[in-house]
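This report refers to the structure that appears directly beneath it.
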2 protein chains.
Amino acid sequence: MSRRRVTLADLAEAAGVSRTTASLVMTGRGRELRISHDVEQRVLRAADELGYRPNAVSVGLRTGTTRTIGFVSDTVATSHLAGDMIKGALEAARERGVMLFIGESEGDPELERGLLHAMQDRQVDGIILAAMFTRTIKVPKDIGPAVLLNALPRPASGLPSIVPDEIEAGRSAARVLLDAGHHDEVYVIGAGPTLQDVPADSVAAVERLIGIRETGLKIAGARVCPDWQPEHGLAATRALLADHRPRALICLNDRVAIGAYQALAEAGLSVPGDVSVVSFDDHPIASWMWPKLTTVALPHYELGRKAVEVLFAQMAGEVEPGQVFRVPMPVRHRESVVARA
Amino acid sequence: MSRRRVTLADLAEAAGVSRTTASLVMTGRGRELRISHDVEQRVLRAADELGYRPNAVSVGLRTGTTRTIGFVSDTVATSHLAGDMIKGALEAARERGVMLFIGESEGDPELERGLLHAMQDRQVDGIILAAMFTRTIKVPKDIGPAVLLNALPRPASGLPSIVPDEIEAGRSAARVLLDAGHHDEVYVIGAGPTLQDVPADSVAAVERLIGIRETGLKIAGARVCPDWQPEHGLAATRALLADHRPRALICLNDRVAIGAYQALAEAGLSVPGDVSVVSFDDHPIASWMWPKLTTVALPHYELGRKAVEVLFAQMAGEVEPGQVFRVPMPVRHRESVVARA
DNA sequence: CTGTTAGCGCATTCAG
DNA sequence: CTGAATGCGCTAACAG
């Protein structure tokens with residue numbers, strides 16, 4: 001018994017007014033055009049009884065605006081926590097009565113073009129172009145209103161960017177150790193000691209290192225990992241332990257830290273009793289490890305939120321061309337760092 | 001210099017034909033209506049040069065079909081791997097030239113209604129109603145073409161369901177142990193031994209238990225967890241080890257297994273040397289643990305894929321009312337099970 | 001204060 | 001084989 005959708009014409013007829021009047025009332029412009037209170041109530045009541053809801057497709061065609069935005073990312077599969085970016089965007093969108101199209105390009109420019117087109121053809125009001133790992137991207141031409149999420153444009157494109165504040169995160173991590181009284185025998189696992197010793201294309205690595213070094217914390221040494229995976233963290237830490245005796249480790253992300261924990265355990269070293277560990281990302285496992293890992297969180301949820309906020313601000317002309325927004329990375333103090341006398 | 005979108009009228013003019021002709025050619029119906037090859041080529045060329053792409057909003061209004069489907073789930077935040085369901089749906093949708101709206105209801109029925117409306121107002125062709133943990137859900141009325149993903153309707157609604165085959169997964173887990181020669185001292189962590197001893201609302205728990213018991217594997221004992229979190233797995237396994245000496249553990253999911261690993265390590269027991277461990281879910285961490293965890297995978301990606309396949313099959317009238325599709329859960333053989341003499 | 005008219009971009013009868 | 005006319009559902013000038 002599912003009924004045909006009720007249209008504005010149905011509403012108008014039921015309320016005994018013209019379509020224009022019905023439209024005016026429904027769009028809330030009845031007041032200013034001084035439509036009689038009486039008529040207004042009649043229309044509102046009829047709308048309620050009939051369960052009238054405007055056909056958004058028609059409105060979109062007519063007004064050119066669809067209250068819909070597109071979210072296209074390269075990959076979400078590898079980094080499961082990145083889903084929180086979508087969640088943040090989703091909520092911010094919902095608060096504005098906007099829906100989200102999502103698409104994944106798998107890093108394939110051809111596919112990306114296709115997705116962008118499919119969205120533009122559906123008249124999205126704007127686009128969020130997201131990367132799952134912070135990096136630079138080439139912005140497609142004619143993309144229309146858009147923001148870059150977790151990415152910087154190269155070459156410059158005038159689009160605003162939202163990125164985690166990795167440099168400040170580096171400082172935060174170092175400060176956690178400094179505040180705990182760690183001044184010596186602090187080693188970095190995952191990259192360093194120079195800014196050249198980093199995994200390929202990792203802006204996170206270089207910015208985190210920069211931040212760490214800015215605090216003046218003395219780095220006793222570092223081990224690069226070709227990739228930030230647990231086994232590499234394990235190998236790097238094992239290698240380090242072969243001829244050094246760290247009192248603290250800064251792991252460049254949580255997966256590396258998993259490996260470090262394992263290597264430490266193998267060497268009979270306890271965390272944080274013998275060695276304090278700080279890390280980055282706040283991957284869900286960070287709070288599943290024993291002891292729970294103190295880490296500087298990637299603010300995925302906030303990033304996603306900010307992206308839609310900036311997108312709308314931009315459409316309202318409130319943002320500078322090329323402006324970049326850095327979202328703070330909060331420290332999650334847990335159990336892997338202990339104060340040294 | 002971003003140009004106005006080129007419309008069908010522009011195309012027609014450029015090709016020197018009527019809008020009708022242009023439309024016919026572009027929709028591929030030129031052939032059957034015997035439009036001259038010459039004219040056809042002219043239109044096609046013009047379309048290519050102008051970069052003509054039909055305005056999907058207009059097509060949607062005109063035809064009533066938008067090549068868009070809605071994906072609304074309760075929560076994706078807690079279970080990060082569930083993002084793979086979206087990924088599967090996304091790819092299957094893309095293969096069909098369909099876009100996906102996504103929305104999260106946070107389990108709030110009011111919010112869910114709102115999302116559903118927002119999607120229906122945008123004339124989606126169908127809806128995927130997803131749950132992040134397999135469970136039963138009440139299907140909203142007037143939902144239109146829809147499928148249930150990772151959920152069963154209660155009461156019955158006639159909608160098709162896609163769920164993981166948890167019972168067979170239970171059998172698989174038990175068989176892994178049986179095949180490895182485990183016949184005694186096998187304990188279950190997370191639920192059991194009866195079907196009443198399960199975390200609230202967990203269909204996975206009861207179905208996994210059913211499957212395990214069907215194989216005839218002798219269960220020496222079991223420990224329930226109020227919730228499948230690492231700390232509960234840890235506590236349950238500690239309690240078990242206080243007065244039992246297991247040779248194998250079936251953990252009801254990977255997070256529980258993390259806790260079990262820890263408890264085993266504390267007790268000086270090695271995996272798999274002293275104790276074999278099988279689990280469920282194939283959470284990303286399963287392959288980060290040492291030794292790598294053998295587990296029966298939740299086929300999130302496949303579930304998402306299947307959902308859009310079934311949705312389309314259903315719209316084509318190819319599925320029985322209320323039909324339920326069980327997606328196999330594959331065993332990931334890794335390093336936590338060893339053969340017993 | 002309200003109704004008439006037009007048109008967003010497209011697909012589709014119906015005549016030539 | 002092709003063009004003129006219609007309408008999807010809605011908003012917005014413009015009159016009354």
Side-chain angles (χ1 to χ4, degrees), chain A residues 3-44 46-47 50-68 117 120-125, chain B residues 3-44 46-47 50-68 117 120-125:
Chain A
R3 287 272 281 289
R4 186 179 63 81
R5 279 188 71 95
V6 8
T7 78
L8 186 64
D10 299 332
L11 210 214
E13 184 182 5
V17 300
S18 74
R19 303 209 310 285
T20 308
T21 305
S23 175
L24 254 26
V25 171
M26 296 315 289
T27 52
R29 309 206 312 138
R31 272 285 99 110
E32 73 189 63
L33 293 187
R34 293 182 304 175
I35 283 197
S36 75
H37 186 71
D38 180 43
V39 167
E40 180 177 75
Q41 288 309 313
R42 217 163 58 212
V43 173
L44 256 19
L50 297 184
Y52 170 73
R53 294 199 320 265
N55 179 326
V57 174
S58 181
V59 174
L61 178 59
R62 182 62 237 239
T63 66
T65 180
T66 54
R67 305 216 62 89
T68 294
H117 283 170
Q120 291 163 342
D121 293 349
R122 285 169 176 75
Q123 304 274 75
V124 295
D125 297 333
Chain B
R3 285 275 281 290
R4 186 179 62 80
R5 278 189 72 96
V6 7
T7 79
L8 186 63
D10 300 331
L11 210 214
E13 183 182 5
V17 300
S18 74
R19 304 208 310 281
T20 309
T21 305
S23 174
L24 254 28
V25 172
M26 296 315 289
T27 51
R29 308 206 313 138
R31 272 287 96 113
E32 73 189 61
L33 292 188
R34 294 182 303 175
I35 284 197
S36 74
H37 186 72
D38 181 42
V39 166
E40 181 178 75
Q41 288 309 312
R42 219 164 56 213
V43 173
L44 257 19
L50 298 184
Y52 171 72
R53 296 200 318 266
N55 179 325
V57 174
S58 181
V59 175
L61 179 58
R62 181 63 234 245
T63 66
T65 179
T66 54
R67 305 214 62 87
T68 294
H117 282 171
Q120 291 163 341
D121 293 349
R122 284 170 176 74
Q123 305 274 72
V124 294
D125 296 334

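Here is how names work: the chains are called A, B, and so on, in the same order as the sequence lines, proteins then strands, and each is numbered from 1. Reckoned from all heavy atoms, side chains included, excluding hydrogens, waters and symmetry mates. No experiment lies behind these values; they were computed from the predicted model shown.
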Quick check: on DNA chain D, is the nucleotide nearest B:Gly16 upstream (toward 5') of the one nearest B:Thr63, or the reverse? Name the residue that is more 5'.
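On the 5' side of the pair lies B:Gly16.
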Check whether any side-chain nitrogen or oxygen of [X] sits under 4.0 Å from OP1 or OP2 of [N], and answer yes or no.
{"X": "A:Thr21", "N": "C:dG3", "result": "yes"}
{"X": "B:Ser58", "N": "C:dC10", "result": "no"}
{"X": "B:Thr20", "N": "D:dT2", "result": "no"}
{"X": "A:Tyr52", "N": "D:dG9", "result": "no"}

What is the distance from [atom1] of [X] to [atom2] of [N], rounded to the nearest Å?
{"X": "B:Leu24", "N": "C:dA11", "atom1": "CG", "atom2": "P", "answer": "10 Å"}
{"X": "B:Arg122", "N": "D:dC10", "atom1": "CZ", "atom2": "P", "answer": "14 Å"}
{"X": "A:Arg42", "N": "C:dT2", "atom1": "CZ", "atom2": "P", "answer": "8 Å"}
{"X": "A:Leu8", "N": "C:dG3", "atom1": "CG", "atom2": "C1'", "answer": "13 Å"}
{"X": "A:His37", "N": "C:dT2", "atom1": "NE2", "atom2": "C1'", "answer": "17 Å"}
{"X": "B:Glu13", "N": "D:dG3", "atom1": "CD", "atom2": "P", "answer": "13 Å"}
{"X": "B:Leu11", "N": "C:dA11", "atom1": "CG", "atom2": "P", "answer": "11 Å"}
{"X": "B:Met26", "N": "C:dG9", "atom1": "CE", "atom2": "P", "answer": "16 Å"}

Looking for any heavy atom pair under 4.0 Å, which part of the strands does [X] touch: base, sugar-phosphate only, or nothing?
{"X": "A:Thr7", "result": "sugar-phosphate"}
{"X": "B:Leu61", "result": "base"}
{"X": "B:Val17", "result": "sugar-phosphate"}

From C-beta outward on [X], which listed nucleotide comes closest to its side chain: [options]?
{"X": "A:Arg62", "options": "D:dT2, D:dT11, C:dC10", "result": "D:dT11"}
{"X": "B:Asn55", "options": "C:dA11, C:dG3, C:dG9", "result": "C:dG9"}
{"X": "A:Ser36", "options": "C:dC1, C:dA11, D:dA12", "result": "C:dC1"}
{"X": "B:Ser18", "options": "D:dG3, D:dT6, D:dT11", "result": "D:dG3"}

Decide if atom CD of B:Gln120 counts as having more than 12 heavy atoms of other residues, nucleotides or ligands within a radius under 6.0 Å.
yes
Please determine whether side chain to side chain contact (heavy atoms under 4.5 Å, CB included) holds for the pair B:Glu40 and B:Leu24, giving the CA-CA distance in whole Å, both sets of side-chain angles, and the decisive distance to 0.1 Å.
CA-CA 9 Å; B:Glu40 181 178 75; B:Leu24 254 28; over 6 Å; no
As a quick check of understanding, evaluate side chain to side chain donor-acceptor pair (under 3.5 Å) for B:Arg122 and B:Thr68, giving each step before the final call.
CA-CA 9 Å; B:Arg122 284 170 176 74; B:Thr68 294; over 6 Å; no
Could you pull out the closest heavy-atom pair between A:Leu11 and A:Ala47, with the gap in Å?
CD2-N, 3.5 Å
B:Asp121/A:Arg5 salt bridge by N-O under 4.0 Å criterion:
yes
